Amino acid sequence: MWLVGAGPGEPGLLTLLALHALRFADVVVYDALVDPRILDLAGPTAQRIHAGKRGGKPSPSQPDISDRLVRLAREGNRVLRLKGGDPFVFGRGGEEALALVAAGVPFRVVPGISAGIGGLAYAGIPVTHRDSNSAVTFVTGHNTNGEVPDGLDWHALATGSPVLVFYMALKHLGQIRGHLLEAGRPAQEPVAIVSKASTPEQRVLETTLGDCLRDAEGSGIEPPALLVVGEVVRLRAGLDWLGALTQGIALNPDPLGVKRQQKAG
Ligand code: SAH
């Protein structure tokens, strides 16, 4: 059994091991987030099983998925469990792997490019930048019940982490925004919402913490999406390489105004 990350969408972001697994798997058990162009890389005889989890719609429960993986492996299939992004980043890969351990099924793990890093790179947003932040925090906007996790220390997040990257953030954007503002994060702080990163439907909404809920609702931006809070969002003015290549957008070599300040000082 191989537990493999498929990256954020663009098939070119697969690892060589992921491609190898796709070519040789007898059965591919994939999540809703896995891009159809990636599934097309599976061998012609591979059985494809959708084990999607998508907010709101009926989907197999986690124990059902784990049981199925165990059964398929015990039947002697080469099973590829394919997950969006990285299997161990908000992907329940750890839970599935522990079920394999409990059942005595040997497995290997192939990491993938997580949306919160590689997807943001497609939006021209580096998660760290020397002139802006030396720490970044990845947060999930959902717990297993689909609610904002209640174990989060919002004050610590708001005051301690210069950049916050939220996965699964759209549904509870209002609550997340409210918690951060209440804990002292400035309303004018730059925010980006990055939807369907690295796919042909990628969309990026640049706004502020104060305005993000209104702007997101008005824009019709859809999941899967990431929410980024922090100064790094400004770097997009210089680093939207995809916009520069596809729409001829002019890039600003000093988006944070650092060189301007140095000259003035
Ligand atoms: N294991 C995955 C995350 C799974 S949680 C990873 O490492 O990327 C699902 C969430 O990931 C989505 O709600 C969204 O916030 C984010 N996500 C996954 N793919 C994305 C994409 N192409 N664009 C934007 N967000 C994405």
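For the single chain, residues carry numbers from 1 onward in sequence order. Please read these numbers as outputs of a predicted model, since none were measured by experiment.
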Engineer: Write out all pairs satisfying ring-ring contact (aromatic ring centres under 6.0 Å, His included) with one or both partners inside residues 60-82, taking only residues at least two apart or from two chains.
Structural biologist: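 Qualifying pairs: none.
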Engineer: Filter on salt bridge (charged side-chain N to carboxylate O under 4.0 Å, His left out), then keep only pairs touching residues 171-186, sequence neighbours left out; what's left?
Structural biologist: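 For residues 171-186, and leaving out neighbouring residues, the salt bridge (charged side-chain N to carboxylate O under 4.0 Å, His left out) pairs sorted by first residue read Arg185-Glu189.
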Engineer: More than 12 heavy atoms of other residues, nucleotides or ligands under 6.0 Å from CZ of Arg48: is that the case?
Structural biologist: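 More than 12 within 6.0 Å, yes.
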Engineer: Among all residues two or more places apart in sequence or in another chain, which pass the salt bridge (charged side-chain N to carboxylate O under 4.0 Å, His left out) test with Asp211?
Structural biologist: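 Checked Asp211 against salt bridge (charged side-chain N to carboxylate O under 4.0 Å, His left out); matches are Arg214.
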Engineer: Distance-only, no hydrogens or angles: does the Ser61 side chain make a donor-acceptor pair with backbone N or O of Asp64 under 3.5 Å?
Structural biologist: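 Checking the backbone N and O of Asp64 against the side chain of Ser61, a donor-acceptor pair under 3.5 Å is found.
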Engineer: Mind listing the side-chain donor-acceptor pairs of residues 68-77 below 3.5 Å, one per line with the distance, residues two or more places apart or on another chain?
Structural biologist:
residue	atom	partner	partner atom	Å
Arg74	NH2	Ala103	O	3.1
Asn77	ND2	Leu72	O	2.9

Engineer: Tyr30: which other cluster members, linking ILVMFWY side chains closer than 4.5 Å, directly or transitively?
Structural biologist: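 Listed partners: Trp2, Val4, Leu14, Leu17, Leu19, Leu22, Val28, Val34, Ile38, Leu39, Leu41, Leu80, Leu82, Val110.
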Engineer: Looking only at heavy atoms, what is the nearest atom pair of Ser66 and Ala99, with distance?
Structural biologist: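 Heavy atoms of Ser66 and Ala99 come nearest at CB-CB, 3.6 Å.
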Engineer: State which residues pass side-chain contact (heavy atoms from CB on, under 4.5 Å) with Pro162; sequence neighbours excluded, sorted by chain then number.
Structural biologist: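 Result, side-chain contact (heavy atoms from CB on, under 4.5 Å) vs Pro162: Asn133, Ala135.
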Engineer: Hey, could you give me each pair passing salt bridge (charged side-chain N to carboxylate O under 4.0 Å, His left out) that has a residue in residues 144-155? Not counting sequence neighbours.
Structural biologist: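 Matches after skipping sequence neighbours: none remain.
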Engineer: Only counting residues at least two apart or in another chain, list the ones meeting side chain to side chain donor-acceptor pair (under 3.5 Å) with Thr140.
Structural biologist: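 Residues passing side chain to side chain donor-acceptor pair (under 3.5 Å) with Thr140: none at all.
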Engineer: I need the minimum non-hydrogen distance between Leu256 and Ser132, along with the two atoms involved.
Structural biologist: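 Nearest pair, atom of Leu256 first, then Ser132: CD1-CB, 4.1 Å.
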Engineer: Is it true that a side-chain atom of Asp31 and a backbone atom of Leu33 form a donor plus acceptor pair closer than 3.5 Å?
Structural biologist: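 Not at all, since once roles are kept as given, no pair shorter than 3.5 Å links the two residues.
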Engineer: Test: side-chain hydrogen bond (donor to acceptor under 3.5 Å, both in side chains). Region: residues 217-238. Which pairs qualify, not counting sequence neighbours?
Structural biologist: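 Only Lys196-Glu222, Glu206-Arg236, Glu231-Arg234 qualify under side-chain hydrogen bond (donor to acceptor under 3.5 Å, both in side chains).
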Engineer: Pairs in or reaching into residues 108-128: which pass side-chain hydrogen bond (donor to acceptor under 3.5 Å, both in side chains), with residues at least two apart or in two chains?
Structural biologist: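 Applying side-chain hydrogen bond (donor to acceptor under 3.5 Å, both in side chains) to every pair that reaches into residues 108-128, excluding sequence neighbours, yields Ser114-Tyr167.
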Engineer: Determine yes or no for a side-chain-to-main-chain donor-acceptor pair under 3.5 angstrom, with Asp86 supplying the side chain and Ile113 the backbone.
Structural biologist: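 Side chain of Asp86 to backbone of Ile113: no pair is present.
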Engineer: Does any pair with a residue in residues 245-265 pass side-chain hydrogen bond (donor to acceptor under 3.5 Å, both in side chains), and if so which ones, sequence neighbours excluded?
Structural biologist: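 Counting only pairs at least two positions apart or across chains, no side-chain hydrogen bond (donor to acceptor under 3.5 Å, both in side chains) contact touches residues 245-265.
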Engineer: Holding to salt bridge (charged side-chain N to carboxylate O under 4.0 Å, His left out), I want the full list of residues that pass it with Arg203, two or more places apart in sequence or in another chain.
Structural biologist: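 Partners of Arg203 by the salt bridge (charged side-chain N to carboxylate O under 4.0 Å, His left out) criterion come out as none, since no residue qualifies.
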Engineer: CG/Leu164 to CD1/Ile176 distance, rounded to the nearest 0.5 angstrom?
Structural biologist: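 Going from CG on Leu164 over to CD1 on Ile176, the span is 10.0 Å.
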